[in-house]
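Numbering of residues begins at 1 and proceeds along the displayed sequence.
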Amino acid sequence: LDIHQFMSIEHRNNISVQGFSGVPNIAGPFLEKELRAITALTQPANQPYYFVPGGKKADDLGGLIRQGLADGRYAKVFAVGVPGEIFLLAQGYKLGEETEKQLAVFAKGYKSKKYGAGLEGLVKEFADILKESGDKIELPVDLAAYTDKQVTTDKEGKEKVTWSGRVEITLTDEHKTKPVSDMLIGDIGTVTARKFAAEMQNAKSILKKGTAGIDDQFTKQGEDILVASYEKAAKAETDINTYGGDGTEALAKRGKLGII
């Protein structure tokens with residue numbers, strides 16, 4: 001009997017994944033939950049159905065968000081993490097050189113015949129989504145940035161950047177001409193987290209992707225608030241689903257996989 005546990009490795013040409021033939025292959029409990037989450041992406045769920053995209057990836061989310069809002073599948077989208085930051089750029093906010101440089105790395109795989117490539121193309125696509133369905137998309141009202149940056153060099157001459165500290169910044173119109181922070185932005189602020197957490201109690205179905213920020217250690221504050229809200233909603237019989245390794249791992253670290 002070959003039990004497969006995680007969607008993130010099922011596509012790999014590895015002997016432990018594809019090397020067993022002539023024996024039953026079944027989905028383990030974690031893979032079953034991920035398959036249920038994928039089903040939730042394409043089939044109507046109990047309404048209102050909220051989508052919370054976050055984490056480090058946004059280059060494959062445009063079509064998912066656009067279609068889900070267009071066909072009425074999602075009542076609302078609550079964008080956090082990198083998707084939230086891309087939407088803020090699309091609104092004209094300046095997030096700062098460090099953050100926009102990091103976002104460019106995350107968006108380097110994005111390609112579109114209509115919008116172009118990389119971060120610039122992705123921002124254009126998200127701007128169009130806001131024009132079409134902006135009234136159904138909730139964005140951060142405050143962000144959290146690191147306060148300290150240390151650069152060290154290893155024996156091979158490679159630089160290593162270490163970030164530490166935390167400051168929360170409320171977004172204002174001033175940040176459309178002046179950068180939000182000279183440091184790397186890595187999380188939503190607690191005002192946003194609490195605002196979104198309160199909204200989750202109105203949902204009948206929630207799909208969570210990724211985490212509230214780019215690093216679960218730094219984003220622990222925002223993620224803890226959101227996960228607690230998912231747990232509270234689940235106790236009220238709201239369907240909770242997640243997909244993606246980082247989002248699932250964040251729940252596992254908090255001992256909350258049972259809510260999905």
Side-chain angles (χ1 to χ4, degrees), residues 37-38 40-45 47-143 171-180 185-189 192 195-196 199 203 205-214 241 243-244 246-247:
I38 291 172
L41 289 173
T42 57
Q43 295 181 4
Q47 292 288 350
Y49 183 19
Y50 292 170
F51 181 29
V52 189
K56 298 177 183 179
K57 288 193 66 178
D59 54 354
D60 58 351
L61 282 176
L64 185 64
I65 293 171
R66 173 179 267 145
Q67 188 60 44
L69 289 171
D71 65 19
R73 189 183 324 148
Y74 307 142
K76 280 188 177 182
V77 170
F78 295 82
V80 298
V82 167
E85 292 177 11
I86 301 293
F87 272 123
L88 290 173
L89 287 177
Q91 281 192 328
Y93 287 97
K94 296 184 180 300
L95 301 183
E97 182 179 353
E98 291 284 1
T99 300
E100 293 179 24
K101 183 169 63 176
Q102 183 67 79
L103 291 175
V105 173
F106 292 148
K108 66 181 179 180
Y110 177 83
K111 291 182 180 180
S112 166
K113 291 182 179 179
K114 181 176 181 180
Y115 299 109
L119 180 59
E120 183 178 351
L122 189 56
V123 170
K124 289 179 181 177
E125 181 179 15
F126 276 41
D128 265 4
I129 295 172
L130 285 173
K131 290 177 184 177
E132 296 164 2
S133 305
D135 60 325
K136 297 179 182 177
I137 300 173
E138 298 286 340
L139 300 180
V141 296
D142 64 338
L143 297 168
L171 293 174
T172 68
D173 286 341
E174 182 184 52
H175 294 126
K176 293 185 177 181
T177 56
K178 176 185 175 182
V180 173
I185 295 168
D187 193 11
I188 57 173
T192 297
K195 179 175 181 282
F196 287 7
E199 289 270 11
S205 301
I206 297 170
L207 176 61
K208 161 188 163 60
K209 184 265 179 191
T211 58
I214 62 172
N241 289 287
Y243 78 100
D246 288 346

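In terms of heavy-atom proximity, K57 sits nearest to P83 at O-CG, 3.8 Å. Closest non-hydrogen pair, I86 versus A58, comes out as CG1-CB, 4.2 Å. Scanning all heavy atoms of the two residues, the minimum distance from L88 to P140 falls at CD2-O, 4.1 Å. Shown here for G96 and P179, the closest heavy-atom pair between the two residues is CA-CB, 3.8 Å.
Rounding to the nearest 0.5 angstrom, the gap separating the CG atom in N241 from the OH atom in Y49 is 6.0 Å. Rounding to the nearest 0.5 Å places NZ of K76 at 12.5 Å from CD1 of I206. Summarising the geometry, atom CG belonging to L130 is positioned 10.5 Å from atom CG belonging to D135; distances are rounded to the nearest 0.5 Å. Taken from CZ in F51 to CD1 in I137, the straight-line distance is 11.0 Å, to the nearest 0.5 Å. Note: L139 CG to L171 CG = 9.5 Å, rounded to the nearest 0.5 Å. One distance of note links CD1 of I65 with CZ of R73; it measures 11.5 Å at 0.5 Å rounding.
For the pair D246 (side chain) and G210 (backbone), a donor-acceptor distance under 3.5 Å is absent. Put simply, the side chain of T177 gets close to the backbone of E174: a donor and an acceptor are under 3.5 Å apart. A distance-only check finds a donor-acceptor pair linking the side chain of T192 to the backbone of V141 [under 3.5 Å].
For E100, the side-chain contact (heavy atoms from CB on, under 4.5 Å) partners are L89, K94, L95, not counting sequence neighbours.
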Enumerate, atom names and distances included, each donor-acceptor pair closer than 3.5 Å involving a side-chain atom of residues 105-123, sequence neighbours excluded.
{"from": "Y110", "atom 1": "OH", "to": "E125", "atom 2": "OE1", "distance (Å)": "2.7"}
{"from": "S112", "atom 1": "OG", "to": "K114", "atom 2": "N", "distance (Å)": "3.2"}
{"from": "S112", "atom 1": "OG", "to": "Y115", "atom 2": "N", "distance (Å)": "3.1"}
{"from": "Y115", "atom 1": "OH", "to": "R66", "atom 2": "NH2", "distance (Å)": "3.1"}
{"from": "Y115", "atom 1": "OH", "to": "D128", "atom 2": "OD2", "distance (Å)": "2.8"}

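Shown are L69, L64, I129; of these, the side chain to side chain contact (heavy atoms under 4.5 Å, CB included) with V77 is made only by L69.
In K178, the NZ atom is not crowded: 12 or fewer heavy atoms of neighbouring residues, nucleotides or ligands sit closer than 6.0 Å. For CD of E132, the number of neighbouring non-hydrogen atoms (other residues, nucleotides, ligands) closer than 6.0 Å is greater than 12.
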Q: Could you give me the CA-CA distance, side-chain angles and deciding distance for F196 and E138, then say whether side chain to side chain contact (heavy atoms under 4.5 Å, CB included) is met?
A: CA-CA 8 Å; F196 287 7; E138 298 286 340; 3.9 Å; yes

Q.
Quick one, V180 with T99, criterion side chain to side chain contact (heavy atoms under 4.5 Å, CB included). Give me CA distance, side-chain angles, the key distance, then yes/no.
A. CA-CA 10 Å; V180 173; T99 300; over 6 Å; no

